[in-house]
Amino acid sequence: VIQLVITSSCRMASLKRVAEAAGKHVPWGGLGAGAYTSSTKGCFDVIARTQPLVKSALARALAARESAGVANAEPFAIADFGTADAGTSLPLMRGIVASVRE
(Lines give C-alpha, C1' and ligand atoms only; values in the text may rest on other atoms or scores of the structure.)
Protein backbone atom coordinates (compact mmCIF):
# COMPACT_ATOMS: atom_id res chain seq x y z
CA VAL A 1 0.00 0.00 0.00
CA ILE A 2 2.83 2.42 0.80
CA GLN A 3 4.38 1.66 -2.60
CA LEU A 4 1.08 2.46 -4.29
CA VAL A 5 0.70 5.74 -2.38
CA ILE A 6 4.23 6.86 -3.31
CA THR A 7 3.70 5.96 -6.97
CA SER A 8 0.30 7.63 -7.04
CA SER A 9 1.69 10.70 -5.30
CA CYS A 10 4.58 10.96 -7.78
CA ARG A 11 2.22 10.55 -10.71
CA MET A 12 -0.05 13.31 -9.40
CA ALA A 13 2.94 15.63 -8.97
CA SER A 14 4.04 14.79 -12.50
CA LEU A 15 0.57 15.51 -13.90
CA LYS A 16 0.47 18.84 -12.06
CA ARG A 17 3.85 19.82 -13.56
CA VAL A 18 2.60 18.95 -17.05
CA ALA A 19 -0.59 20.96 -16.54
CA GLU A 20 1.37 23.93 -15.21
CA ALA A 21 3.89 23.83 -18.07
CA ALA A 22 1.18 23.66 -20.72
CA GLY A 23 0.59 27.42 -20.66
CA LYS A 24 4.23 28.46 -20.73
CA HIS A 25 6.35 29.44 -23.70
CA VAL A 26 3.36 30.36 -25.79
CA PRO A 27 4.45 32.78 -28.56
CA TRP A 28 3.26 36.33 -28.04
CA GLY A 29 2.08 37.91 -31.26
CA GLY A 30 2.36 36.27 -34.64
CA LEU A 31 5.47 34.25 -35.38
CA GLY A 32 8.06 36.59 -36.88
CA ALA A 33 5.91 39.66 -36.28
CA GLY A 34 8.49 41.25 -33.95
CA ALA A 35 5.85 41.86 -31.29
CA TYR A 36 8.43 41.70 -28.50
CA THR A 37 10.79 44.08 -30.28
CA SER A 38 8.12 46.63 -31.09
CA SER A 39 7.08 46.84 -27.44
CA THR A 40 10.60 47.30 -26.08
CA LYS A 41 11.69 50.74 -27.35
CA GLY A 42 13.36 51.36 -23.99
CA CYS A 43 15.64 48.39 -24.58
CA PHE A 44 16.81 49.88 -27.86
CA ASP A 45 17.72 53.06 -26.02
CA VAL A 46 19.60 51.25 -23.27
CA ILE A 47 21.57 49.15 -25.75
CA ALA A 48 22.34 52.21 -27.88
CA ARG A 49 23.82 53.91 -24.81
CA THR A 50 26.25 51.00 -24.36
CA GLN A 51 27.85 51.56 -27.78
CA PRO A 52 30.79 53.70 -26.53
CA LEU A 53 31.60 51.09 -23.86
CA VAL A 54 31.29 48.23 -26.35
CA LYS A 55 33.42 50.02 -28.96
CA SER A 56 36.13 50.67 -26.38
CA ALA A 57 36.13 47.04 -25.18
CA LEU A 58 36.11 45.77 -28.75
CA ALA A 59 39.06 47.98 -29.71
CA ARG A 60 41.05 46.62 -26.73
CA ALA A 61 40.15 43.02 -27.59
CA LEU A 62 41.10 43.44 -31.24
CA ALA A 63 44.38 45.18 -30.30
CA ALA A 64 45.23 42.33 -27.91
CA ARG A 65 44.59 39.77 -30.66
CA GLU A 66 46.76 41.77 -33.04
CA SER A 67 49.65 41.98 -30.57
CA ALA A 68 49.35 38.25 -29.84
CA GLY A 69 49.55 37.53 -33.56
CA VAL A 70 46.21 35.73 -33.72
CA ALA A 71 44.08 38.43 -35.35
CA ASN A 72 43.56 36.50 -38.56
CA ALA A 73 44.39 33.03 -37.28
CA GLU A 74 41.59 32.40 -34.79
CA PRO A 75 37.84 33.11 -34.83
CA PHE A 76 36.57 36.06 -32.83
CA ALA A 77 33.66 34.85 -30.69
CA ILE A 78 30.78 37.06 -29.61
CA ALA A 79 27.46 36.12 -28.03
CA ASP A 80 24.10 37.74 -27.40
CA PHE A 81 22.60 36.16 -24.30
CA GLY A 82 18.96 36.46 -23.35
CA THR A 83 17.62 37.51 -26.71
CA ALA A 84 14.02 36.94 -27.73
CA ASP A 85 13.84 37.79 -31.42
CA ALA A 86 17.23 39.62 -31.31
CA GLY A 87 15.59 42.77 -32.61
CA THR A 88 16.74 45.03 -29.79
CA SER A 89 20.39 43.96 -29.86
CA LEU A 90 20.82 43.27 -33.57
CA PRO A 91 21.99 46.79 -34.52
CA LEU A 92 24.76 46.61 -31.90
CA MET A 93 25.73 43.08 -32.94
CA ARG A 94 25.90 44.13 -36.60
CA GLY A 95 28.23 46.97 -35.63
CA ILE A 96 30.47 44.60 -33.69
CA VAL A 97 30.65 42.16 -36.60
CA ALA A 98 31.45 44.99 -39.03
CA SER A 99 34.26 46.24 -36.77
CA VAL A 100 35.76 42.77 -36.42
CA ARG A 101 35.67 42.27 -40.21
CA GLU A 102 37.55 45.54 -40.90
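Values below: every heavy atom of this structure, side chains too, minus hydrogens, waters and symmetry copies.
Applying the side-chain contact (heavy atoms from CB on, under 4.5 Å) criterion to Arg49, with sequence neighbours excluded, gives Asp45, Val46. Remark: Arg60 pairs with Ser56 by the side chain to side chain donor-acceptor pair (under 3.5 Å) rule, at least two apart or across chains.
Within the structure, side chain to side chain donor-acceptor pair (under 3.5 Å) pairs that include any residue of residues 61-73 do not occur (at least two apart or interchain).
In the hydrophobic clustering, where aliphatic and aromatic side chains (Ile, Leu, Val, Met, Phe, Trp, Tyr) are joined below 4.5 Å either directly or transitively, Leu62 groups with Ile47, Val54, Leu58, Phe76, Ile78, Leu92, Met93, Ile96, Val97, Val100. Through ILVMFWY side-chain contacts below 4.5 Å, Leu53 is grouped with nothing and stands alone.
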